[in-house]
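The block underneath contains the structure these notes are about, expressed in structure tokens.
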Amino acid sequence: MELPVISNSAPEASGGGCSSSGCGTAPDALGHLPDHIRSKVQDHPCYSEEAHHYFARMHVAVAPACNIQCNYCNRKYDCSNESRPGVVSEVMSPEQAVKKTLAVAAAIPQMTVLGIAGPGDPLANPERTFETFRRLSEEAPDIKLCVSTNGLSLPQSVDELAKHNIDHVTITINTVDPEIGAKIYPWIFWENKRIFGVEGAKILIEQQQKGLEMLTSRGILVKVNSVMIPGVNDEHLKEVSKIVKAKGAFLHNVMPLIAEAEHGTYYGIMGQREPTPLELEALQDSCSGDMSMMRHCRQCRADAVGLLGEDRGEEFTLDKIDEMEVDYATAMVERAKVHQAITSELEMKRALKAAPKFEAEAADKPATRPIRIAIASKGGGVINEHFGHAHEFLVYEVDSAGHRFLGHRKCTAYCMGDESCGDGETVLGQIIKSLEGVEVLLASKIGFEPWADLEKAGIQPNGEHAMEPIEEAIRAVYDELAAAGKLDQPAAAKAAA
Amino acid sequence: MALEITEVCVGCYACEPLCPNEAISAGNPVFTIDPNKCTECLGDYDKPQCAEICPIEAAIVDEIGDPLNPLGSLTGIPLHLIEEYNTTGTVVRS
Ligand code: SF4
Ligand code: SF4
């Protein structure tokens, strides 16, 4: 469970930030993209798990207004399509946003992507959004721009978007059926009127689809986000996935509904259920086909700044930025050097990965069943987090032939610090629930008490692989279990035991 | 005749650019309508534009204080649950 973050200041929000590891896709998930698209996204911190460790992105909150209502959103807070519910960002003027971006880019040369995602709908604030893009395209041509939208104003914005240094556009598409749409969107504002129900949803869907087609026909990359709402659009999203793929979207990101009563959203208050981690994984699997699915998106807060686990937002508050003098021309030279160094490092790593590996007589092995292994990691691709400090677990499915990343399970850390374990009991229960389907948990360290409870719940804790690379550790653990004959029986028999 | 913005306004800017009379000014957090400029959109639009787009129930009221978007009219949340949420900050389900 994620704590609601309701604040104008960034510091305590770091837990929700995309700045921790892995907001992107595992490298293998990018493998089947066409070359020109892969080369565009493989260094993008939000799409490439690998790049995420080297490059950073930031968002600026210049777009407060919205033109639709979603049942998972409470307009007292930021847009829930892009930020986690219950988050409030400080709204900036385009002027302030440009200055902040330049200041951050000069201080953090790894910052390569600037996004506008809210706190409302960027295209419902065209002057503010495009003023920001226009100035950044001119003043900082080495920064890629991206924008997220509900799609309602997209067709009329495509011409303007095409003028700027736009890397990609994200459209949130939850349905292509107006009847389902009416259960998700109570109203839209269209041509000077508020339009309720099916009629409104129909217009929204038409505009989204038209916008998607217009963008892809101009060669602008489009990612589609969908919120999985059990009983409302969950089955239907398989069809959505096929359609958006056919229309040229390069990535489909299915995210779980977050609906807590404290957020005051329609779904939260009405008790609409959230999907379980296993339901989400199953849907992502059946949507994937040969389409890239994004499994790492953390629905990060709109104004996090920084790399891997750090949130440096407090260094760039509006009053501090006001006093900064940024010499961007000089910064750009420095940035180019840093980018060049990172790119060569990444290329070397990719080349090493691509090298053929010796596969030990795989064919002779008896068939063993796949299992899910959860990892506590602070990033960097190693097992380097204590169980009690983990805010999330990376879940992998491992079988005799290989492994794949399934996604991350968020949780409240069991032990927020050495002294504040008071509420540990119930938190542990929640963590165990969030680990549904997982059979082994690897962390750098696991306390005595959670150890026993994890075992009781059928999850084998293991601290032996501390500081090892995740991929090597999960292979070793799997092979050991397989050799011991523990993976011969079907998973169902084990769960019942 | 003029509309008024109440203290529940969240300052989302949605209304401000739509006003045909530039009667709305930004404020932090509550926006205001200049009663001398507001015409309730008469002659420009069928419906007052600020109230048509405003996402917050009861944020825009008429001269006698009646909300143009009463509680529950935009979200569809039943009144007793809105009441419970507004007083306790959550809704407890049994
Ligand atoms: S009712 Fe019309 S004229 Fe009056 S403030 Fe609202 S938008 Fe402006
Ligand atoms: S649209 Fe409503 S909530 Fe937004 S600024 Fe105007 S009055 Fe306030």
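In the text below, chain A, chain B and the rest are named by the order of the sequence lines, each starting its count at 1.
- At a heavy-atom cut-off of under 4.5 Å, chain A is reached by B:Y45, B:Q49, B:A51 from residues 37-51 of chain B, listed in order of number.
- A salt bridge does not link A:K99 with A:E95: every distance from a Lys NZ or Arg NE/NH1/NH2 to an Asp or Glu carboxylate oxygen is 4.0 Å or more.
- In this structure, the side chain of B:T32 does not engage the main chain of B:A26 through any donor-acceptor pair within 3.5 Å.
- Using bins of under 30°, 30° to 60° and over 60° for the plane-to-plane angle, the ring pair A:H164/A:F133 lands in the tilted bin.
- Of the listed residues B:L74, B:T75, B:V8, B:N86, the one with more heavy-atom pairs under 4.5 angstrom with chain A than any other is B:L74.
- Contact count versus chain A (heavy atoms, under 4.5 Å) is highest, among B:C54, B:P17, B:G11, for B:C54.
- For the side chain to side chain donor-acceptor pair (under 3.5 Å) with A:S153, the qualifying choice from A:N125, A:D121, A:N67 is A:N67, the only one to do so.
- Atoms OG1 and CD, from B:T88 and B:E83 in turn, are 10.0 Å apart once rounded to the nearest 0.5 Å.
- With ring centers used as reference points, A:Y72 lies 6.0 Å or more from A:Y266.
- Each of A:Q208, A:K183, A:H236 was compared with A:T175 under the side chain to side chain donor-acceptor pair (under 3.5 Å) criterion, and only A:H236 meets it.
- To the nearest 0.5 Å, atoms OG1 (A:T101) and CZ (A:R135) are separated by 10.0 Å.
- Rounded to the nearest 0.5 Å, atoms NE2 (A:H263) and OG1 (B:T90) are 9.5 Å apart.
- In this structure, chain A has no heavy atom under 4.5 Å from any part of B:I82.
- Counting heavy-atom pairs closer than 4.5 Å to chain A, the top residue among B:I77, B:L81, B:V91 is B:I77.
- When the shell of 6.0 Å around NZ of A:K433 is examined, it contains 12 or fewer heavy atoms from other residues, nucleotides or ligands.
- Listed options A:E127, A:M270, A:R128 were ranked by heavy-atom pairs under 4.5 angstrom with chain B; first place goes to A:M270.
- The existence of a salt bridge linking A:R273 and A:E279 is confirmed by a sub-4.0 Å separation between a basic side-chain nitrogen and an acidic carboxylate oxygen.
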From CA spacing to verdict: salt bridge (charged side-chain N to carboxylate O under 4.0 Å, His left out), A:R134, A:E131:
CA-CA 5 Å; A:R134 201 157 33 233; A:E131 168 74 6; 3.2 Å; yes

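- Against chain B, the residues from residues 188-195 of chain A that qualify, each with a non-hydrogen atom under 4.5 angstrom away, are A:F189, A:N192, A:K193, A:R194 in number order.
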